[in-house]
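First, the structure itself, so that you have it in front of you.
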Amino acid sequence: MFVLKAGGTREFFNKKKIASSLVKIGMDKEWAKGVADEIRAGFKRKTVSSDEIFDLVLEKLKPFGNVYLGKYNLRRAVMDLGPTGYPFEKYIARVLEEYGYQAKTNQFIDGFCVRHEIDVLAEKDKSHFIVECKYHNTRGARSDLKVALALWARWLDIQRKWEKEAWHPEKYHGVWLITNTKCTSEAIKYAECVEMLITSWGYPGEMSLEKLIYKKQLYPVNIFPGKEYQRFYYRLGQERIYLSRDLLKHSAKELAKMLNAKELETQNWLDRARELVNHE
């Protein structure tokens with residue numbers, strides 16, 4: 001059986017790949033193998049799409065509880081933060097705050113030649129970064145070399161201006177690309193050459209985006225699959241609630257009033273979020 005991927009390429013279906021992805025989110029190896037077997041048995045066609053496989057995995061995970069369901073849905077949830085890049089920028093700022101950074105979004109900085117709009121300014125100790133949050137809402141898209149080159153050119157203009165400031169020697173300044181997709185090998189090669197930080201899906205190792213999220217349970221509020229709460233995300237953003245753990249600072253009654261929703265709905269949401277965030 002072949003799998004048609006979002007980018008248009010085809011590859012052989014691999015049960016071990018599914019089982020491995022389930023083990024990575026904490027599932028027992030035997031359970032993961034069983035789910036992978038069920039997925040393979042669920043299709044009789046010679047070609048299926050990656051989305052079809054993903055949706056069937058979610059369906060098979062429902063009996064195992066909300067923890068596995070949410071964790072497996074993480075990548076899609078981050079991609080569904082759109083449709084614009086603004087919610088992604090706000091979410092990344094909250095993630096950085098949980099790692100000890102002071103993070104400000106939508107900042108303007110004068111470069112030597114022109115003024116630049118910066119997605120996030122992140123500062124920790126004596127390190128100071130301009131952060132580009134590259135958001136893609138198309139499955140299979142990647143941040144390529146052009147993205148890295150454009151960001152570095154912006155940084156060079158800002159750096160040239162900053163070097164003339166009296167406070168410049170007191171801090172380390174750098175540039176940081178954070179994206180919700182994978183980066184191409186050329187983008188990574190260039191970033192490593194010029195010492196630009198990259199945080200993307202699957203790179204770099206333990207500091208990749210998903211690992212940063214998993215380590216501190218920094219799951220977005222839309223982590224669980226389904227459209228029933230989609231109408232609430234914008235309102236939650238207005239209240240600076242971007243993480244599932246931030247929901248837990250409120251009672252079901254408070255959330256119901258805030259969102260003009262039924263208390264039963266918000267209580268169910270809180271129960272699922274608490275189960276996920278408190279899971280070791």
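Since we're looking at a predicted model, the values are computed, not measured.
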Item to check | Side-chain donor or acceptor of Lys134 paired with backbone N/O of Ile178 under 3.5 Å | outcome: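 No; judged by distance alone, with no hydrogens or angles, the pair does not exist.
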Checklist entry - Honestly curious: do Leu197 and Leu212 fall in one hydrophobic cluster under the side-chain, below-4.5 Å linking rule? => result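 Yes, same cluster.
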Next on the checklist: Taking Asp144 first and then Arg142, would you say they form a salt bridge - that is, a charged N and a carboxylate O separated by under 4.0 Å?
Outcome noted: no
Item to check | Ion pair check, Lys211 and Glu206, cut-off under 4.0 Å | outcome: yes
Item to check | Check ion pair Lys249-Glu239 (N to O, under 4.0 angstrom) | outcome: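 Judged by the 4.0 Å cut-off on N to carboxylate O distance, Lys249 and Glu239 do not form a salt bridge.
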Next on the checklist: Are Val23 and Val67 connected into the same hydrophobic cluster when the rule is that any two of I, L, V, M, F, W, Y join if their side-chain heavy atoms are below 4.5 Å apart?
Outcome noted: no
Checklist entry - Aromatic ring centroids of Phe13 and Phe2 under 6.0 Å? => result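 Ring centroids of Phe13 and Phe2 are no less than 6.0 Å from each other.
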Item to check | Backbone of Val120 reached by a side-chain donor or acceptor of Thr105 within 3.5 Å | outcome: no
Next on the checklist: Looking at Lys262, I'd like to know if its NZ atom is crowded, meaning that more than 12 non-hydrogen atoms belonging to other residues, nucleotides or ligands lie closer than 6.0 Å.
Outcome noted: no
Checklist entry - Does Glu263 pair with Lys257 as a salt bridge, N-O distance under 4.0 Å? => result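 Salt bridge flag = no for Lys257 with Glu263.
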Checklist entry - Got more than 12 heavy atoms from elsewhere within 6.0 Å of CE, Met1? => result yes
Item to check | Residues Asp110 and Arg115 bridged, charged N to O under 4.0 Å | outcome: yes
Next on the checklist: Can you tell me if Lys216 has over 12 outside heavy atoms packed within less than 6.0 Å of its NZ?
Outcome noted: yes
Checklist entry - Do Trp162 and His128 have ring centres separated by under 6.0 Å? => result yes
Checklist entry - Linking I/L/V/M/F/W/Y whenever any side-chain heavy atoms sit under 4.5 Å apart, do Val175 and Phe112 land together? => result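 They do not share one cluster, since no chain of ILVMFWY contacts under 4.5 Å joins Val175 to Phe112.
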Checklist entry - Does the ring center of Tyr135 lie less than 6.0 Å from the ring center of Tyr86? => result no
Checklist entry - Should Asp37 and Arg40 count as an ion pair when the cut-off is N to O under 4.0 Å? => result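 Salt bridge flag = no for Arg40 with Asp37.
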Checklist entry - Salt-bridged, Glu59 to Lys62, with N to O below 4.0 Å? => result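 Here Glu59 pairs with Lys62 in a salt bridge, since their nearest N and O are under 4.0 Å apart.
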Checklist entry - Is any NZ, NE, NH1 or NH2 atom of the basic residue among Asp80 and Arg76 found under 4.0 Å from an Asp or Glu carboxylate oxygen of the other? => result no
Checklist entry - According to the interplanar angle, ranging from 0 to 90°, do the rings of Trp152 and Trp155 count as parallel (below 30°), tilted (30 to 60°) or perpendicular (above 60°)? => result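 Rings of Trp152 and Trp155: tilted, 30 to 60°.
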Checklist entry - Taking atom NZ of Lys90 as the centre, does the number of heavy atoms from other residues, nucleotides or ligands within less than 6.0 Å exceed 12? => result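 More than 12 heavy atoms, drawn from other residues, nucleotides or ligands, come within 6.0 Å of this atom.
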Checklist entry - Salt-bridged, Glu52 to Arg45, with N to O below 4.0 Å? => result yes
Item to check | Charged tip of Arg94 within 45° of Tyr242 ring normal and under 6.0 Å | outcome: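 Judged by the rule, Arg94 and Tyr242 form no cation-pi pair.
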Checklist entry - Are Trp176 and Tyr101 close enough that their ring centers fall under 6.0 Å? => result yes
Item to check | NZ/NE/NH1/NH2 to OD/OE distance under 4.0 Å, Lys24 and Glu210 | outcome: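 Answer for the salt bridge query: no.
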Next on the checklist: Check this for me: Arg235, atom CZ, are more than 12 non-hydrogen atoms of other residues, nucleotides or ligands nearer than 6.0 Å?
Outcome noted: yes
Checklist entry - So is Lys124 actually on top of Tyr99's ring, under 6.0 Å and inside 45° of the axis? => result no
Item to check | Salt bridge Asp157-Arg160, side-chain N to carboxylate O under 4.0 Å | outcome: no
Item to check | Side-chain donor/acceptor of Asp125 to backbone N/O of Ser127, under 3.5 Å | outcome: no
